[in-house]
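Worksheet for the structure shown next.
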Amino acid sequence: MAAPLDPVIAQIIPLLPLRDPTTMTPQSARDSLRALAAARAAVPPPPVDTVQDIKVKGGAGPLDARLYRIGSDPAPTVVFFHGGGWVAGDLETHDRQARNLAIETGAVVVSVDYRRPPETRFPGAFEDAFAAARDIFNRVAEFGGDAKRLGVAGDSAGGNLAAATAIACRDAGIKLAAQLLVYPVTDVAGHYADARENARFPSRAENADGYFLSRAVMEWFCGHYLADPGHGADWRVSPLRAASLAGLAPAIVATASFDPLRDEGAAYARALEAAGVRVKHHEGPGLIHGYFGLGDASDVARAEAQRARADFKALLARGI
């Protein structure tokens, strides 16, 4: 029997932003996520030894990034991509997630502020993500210092970018030790508006509305990121449609049971496994999209996120 919705999460949902695509604009989406992060300013962020704003290479020029580090010993290096439907989200909205990732894995975490739509459409965010990852890995001595323990991670749209970047790294001969894909977007063909494509993933109907992220909001995000309907079949935005997933880095895939993206995330985990990739899938029982950012309020969310990060840490420790 499926776990019921966490009652603490149920109380939080009405307070969360990004729920009305009929009135939402790119700027209002960004402002609301920033406001949500600012509302927790009185709660001290998880402490790390080093927080440093830096620049990394992007697809069309330098990008802002932020480095988080615990201690000074050689460590894994993880490139982190924030969520927010490609449109919203930034270094500030995901500061606590990046800190927790550094603390719980011991890795040097570099959070990348990629270009966002509608100002920069697909494949801009992907090109930035891959260029930043390649730059950081080429300069690994400046970061964690261990070329055998490199990883990518991200949540939601950031999980999408991490998954696509892992494929691009494989194709470029860059060896990754691990990837952490948190409720990732993996197949946007049909832009969440096509009934036949949506039917492939029952969670798009089961969790279409009422659990924070809605199917309609995903359609809104796609409409801003993808200028051409045909782009949805491109593996750089739909990694589930890549010609081959063989040879990719071992993966931790975290989904949430009350999330419209649940089934495409689970499908990606199965596809990776079928391609011979080592995978561990955390199903997020009782949780919603975005639960990695709700650990301060929900014990269930915090414990599930910690389990996923612990498994990611173990993969990084093994190296390549």
Side-chain angles (χ1 to χ4, degrees), residues 48 50-59 61-70 74-84 86 89-91 93-95 97-116 123-182 184-185 236 239 248-254 292 308-309 312-313 315-317 319-320:
V48 296
T50 301
V51 179
Q52 180 183 359
D53 287 336
I54 63 173
K55 295 286 187 180
V56 298
K57 291 181 180 178
L63 300 173
D64 290 333
R66 186 170 293 166
L67 180 149
Y68 302 83
R69 183 166 194 152
I70 301 292
T77 301
V78 173
V79 185
F80 175 75
F81 305 110
H82 64 76
W86 304 285
D90 57 28
L91 300 181
T93 63
H94 283 64
D95 176 75
Q97 284 199 49
R99 287 169 177 267
N100 283 327
L101 189 60
I103 292 166
E104 294 178 28
T105 64
V108 175
V109 173
V110 183
S111 181
V112 176
D113 205 16
Y114 52 87
R115 290 171 296 161
R116 301 174 299 186
F126 162 78
E127 291 175 344
D128 281 351
F130 178 47
R134 183 165 48 191
D135 181 38
I136 292 162
F137 298 157
N138 286 340
R139 296 192 286 142
V140 69
E142 301 175 33
F143 303 105
D146 188 346
K148 293 186 178 296
R149 293 187 291 165
L150 304 172
V152 292
D155 69 307
S156 193
N160 169 269
L161 294 172
T165 295
I167 296 171
C169 283
R170 176 203 61 188
D171 294 347
I174 299 170
K175 299 290 187 181
L176 301 182
Q179 50 181 321
L180 173 63
L181 312 178
V182 178
V185 181
R236 294 173 296 173
L248 293 180
I252 306 300
V253 179
F292 267 57
R309 287 190 289 257
F312 185 51
K313 177 183 180 179
L315 290 180
L316 291 169
I320 58 174

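Side chains are part of it too, since the values below use all heavy atoms of this structure and drop only hydrogens, waters and symmetry mates. Keep in mind that this is a model prediction, so the values were computed, not measured.
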Any residue meeting ring-ring contact (aromatic ring centres under 6.0 Å, His included) with [X], in chain and number order, not counting sequence neighbours:
X: His94; value: His82
X: Phe126; value: Trp235
X: Phe80; value: none

When you measure from the side chain of [X] to the backbone of [Y], do you find a donor-acceptor pair of N or O atoms at a distance under 3.5 Å?
X: Arg69; Y: Phe143; value: yes
X: Asp90; Y: Thr93; value: yes
X: Asn138; Y: Arg134; value: yes
X: Arg116; Y: Gly89; value: yes

Exercise. Of all residues at least two apart in sequence or in a different chain, which pass the salt bridge (Lys or Arg N to Asp or Glu O under 4.0 Å) check with Lys148?
Worked result: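 None.
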
Problem set entry | Partners meeting salt bridge (Lys or Arg N to Asp or Glu O under 4.0 Å) with Asp128 (sequence neighbours left out) |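 Expected list: Arg115.
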
Measuring only between side-chain heavy atoms, which start at C-beta, is [X] closer than 4.5 Å to [Y]?
X: Val109; Y: Val48; result: no
X: Leu101; Y: Phe312; result: yes
X: Leu63; Y: Asp113; result: no
X: Phe292; Y: Val182; result: yes
X: Tyr68; Y: Asp95; result: yes

Starting at [atom1] of [X], measure out to [atom2] of [Y] and round the result to the nearest 0.5 Å.
X: Thr77; Y: Glu142; atom1: OG1; atom2: CD; result: 10.5 Å
X: Arg139; Y: Ile54; atom1: CZ; atom2: CD1; result: 6.0 Å
X: Leu91; Y: Asp53; atom1: CG; atom2: CG; result: 7.0 Å
X: Leu315; Y: Ile320; atom1: CG; atom2: CD1; result: 13.0 Å

For this session: Would you list the pairs meeting side-chain hydrogen bond (donor to acceptor under 3.5 Å, both in side chains) in which at least one residue belongs to residues 162-181, sequence neighbours left out?
Result: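 Checked against side-chain hydrogen bond (donor to acceptor under 3.5 Å, both in side chains) - neighbours excluded - no pair reaches residues 162-181.
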
Exercise. Of the non-hydrogen atoms in Gly159 and Pro184, which two are nearest, and what is the gap between them?
Worked result: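 Residues Gly159 and Pro184, closest heavy atoms: C-CB, 3.9 Å.
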
Problem set entry | Nearest heavy-atom neighbours spanning Trp86 and Ala157 |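 Result for this residue pair: N-CB, 3.3 Å.
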
